[in-house]
2 protein chains.
Amino acid sequence: MSQLLFDNIQRTVGYDVPLSELEPFRNLFFEKSMDKKTVLAEEGKRCKYIWFLEQGSTCAYYANESGDKTAVQFSIEGHWISDMYSFFSDREALFYIETLEPTDVLFLSRTHFEEACRTIPFVERFFRILTQNALAAQLYRIAKTNSESAEQRYLDFAGRYPHFMSRIPQYLIASYLGIAPQSLSRIRNKLATQR
Amino acid sequence: MSQLLFDNIQRTVGYDVPLSELEPFRNLFFEKSMDKKTVLAEEGKRCKYIWFLEQGSTCAYYANESGDKTAVQFSIEGHWISDMYSFFSDREALFYIETLEPTDVLFLSRTHFEEACRTIPFVERFFRILTQNALAAQLYRIAKTNSESAEQRYLDFAGRYPHFMSRIPQYLIASYLGIAPQSLSRIRNKLATQR
DNA sequence: TTCATTTCTTCACCTAGGTTAAGATTCCGG
DNA sequence: CCGGAATCTTAACCTAGGTGAAGAAATGAA
């Protein structure tokens with residue numbers, strides 16, 4: 001069992017999960033290595049998996065008619081990803097999810113997820129807490145986003161996720177912050193100059 | 001047991017929950033009638049309860065230094081509300097929650113919530129799905145918000161929540177849409193004129 | 001019913017950030 | 001190592017929506 005996943009589970013549920021539960025859970029996953037720019041989930045389609053990132057990074061985004069992307073979430077190794085709207089509610093996905101680097105991923109299908117919830121005690125709790133944390137993060141984001149200028153949002157983001165800055169193209173960060181890439185350039189230029 | 005709560009639970013868990021589980025769950029709540037403008041949760045404090053609205057409406061918002069409010073969520077009878085960031089993670093609340101009308105509320109404390117998760121089978125599943133739905137709604141909101149003009153956001157909101165329009169002051173709706181109240185007036189005026 | 005408070009509207013003016021276009025860099029496959 | 005594609009920067013101009021101020025309308029307590 002991957003150390004990363006093991007730690008992630010222990011930390012999330014908050015008590016020592018016995019191997020007798022961890023083993024059958026781990027056996028429901030399969031692993032896959034993917035190239036950069038592999039599309040995991042597509043807007044408009046059912047998202048049949050939830051993924052655990054062993055290595056690499058992904059971006060969740062939506063695309064408008066003209067095809068440009070607005071990032072809604074970045075993830076790196078140790079994160080769970082999915083179009084949770086689609087995966088949990090079995091509706092059409094709102095987002096695309098795409099790898100930003102060569103990435104190793106564990107796949108858990110919806111069917112196996114539901115089986116695990118029914119048969120392995122810690123799983124229901126694990127996913128409850130996982131979605132609670134995801135919800136808390138979104139609420140936090142909404143609270144902070146609406147109230148701050150683009151410059152402040154950029155500074156917050158850079159301070160909060162310094163490890164993202166070097167691994168994610170700047171135009172995607174701009175879209176995440178809700179501004180045009182040119183505007184982010186302008187802001188960065190201004191900040192660099194006035195220092 | 002309130003019909004509204006009963007239906008809400010059955011619909012959420014997706015199977016018939018036996019009375020032997022519903023009764024002890026219901027007994028963990030207490031009910032309270034509150035005046036308009038009662039504050040249930042406060043930014044910066046722990047939010048110790050999750051509430052079920054039997055009747056009335058509430059607004060979750062945050063306030064900046066100058067004291068003006070930005071609404072992040074409106075709720076009416078049949079909804080669950082809390083500062084879920086605070087309630088589930090035991091951190092300081094991000095938002096205020098305040099009644100908009102005279103409102104009847106069921107209170108479930110954090111302690112009772114955790115007890116229920118441990119001892120009553122359907123509860124863990126119920127709250128997993130509840131937070132999943134809340135997360136899905138936030139993701140949907142973020143996806144739609146960032147990509148549309150203020151006018152389009154207003155039309156979406158009015159179309160999606162027509163029952164809110166008459167019960168919620170317009171300046172709060174404006175703040176929810178991320179615009180100044182004057183701008184919402186301007187937009188409404190324009191729409192009314194051009195029709 | 002009346003006065004005070006809260007909410008909504010209108011208008012003139014302003015600015016953050018969008019848009020378009022072009023050139024500069026960086027990256028990457030062959 | 002080279003050439004094309006992707007990414008980033010700069011600059012001139014534009015616009016959606018913010019701001020401030022004032023009055024109109026609605027609400028509600030006495």
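Numbers restart at 1 for each chain; the letters A, B, ... are given by sequence-line order, proteins then strands.
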Separation of atom OH in Tyr154(B) from atom C1' in dC8(C), rounded to whole Å: 12 Å
Non-hydrogen side-chain atoms of Val72(A) and Tyr61(A) separated by less than 4.5 Å: no
Taking CG from Asn189(B) and C1' from dA25(D), how many angstroms apart are they, rounded to a whole number? 15 Å
Glu151(B) atom CD is separated from dG18(D) atom C1', nearest whole Å, by 17 Å
Nucleotide of dG17(C), dT9(C), dG17(D) approaching Ser149(B) most closely (side-chain heavy atoms): dG17(D)
Given dG17(C), dT7(D), dC8(C), identify the nucleotide with an atom nearest to the side chain of Gln170(B). dC8(C)
Rounded to the nearest Å, what distance is computed from the CZ atom of residue Arg186(A) to the P atom of nucleotide dA22(C)? 18 Å
Do Arg118(A) and Glu114(A) sit within salt-bridge range, that is, some charged N less than 4.0 Å from a carboxylate O? no
Please figure out whether Lys37(B) or Gln182(B) has its closest DNA chain C nucleotide nearer the 5' end. Lys37(B)
Does the pair Arg141(A)/Glu148(A) count as a salt bridge with the N-to-O cut at 4.0 Å? no
Any non-hydrogen side-chain atom of Phe127(B) less than 4.5 Å from a side-chain atom of Phe122(B)? no
Spacing of Leu184(B) atom CG relative to dT19(D) atom P, expressed in whole Å: 15 Å
Quickly work out the Ile179(B) CD1 to dA16(D) P distance and round it to whole Å. 14 Å
Between dC27(C) atom P and Arg167(A) atom CZ, what is the distance in whole Å? 16 Å
Rounded interatomic separation in angstrom, taking OH from Tyr171(A) and P from dA24(C): 22 Å
From the set dT9(D), dG17(D), dG18(C), return the single nucleotide nearest to any side-chain atom of Ser185(A). dT9(D)
Taking the nucleotide of DNA chain D with the closest heavy atom to each, which residue, Ala180(B) or Lys36(B), is nearer the 5' end? Ala180(B)
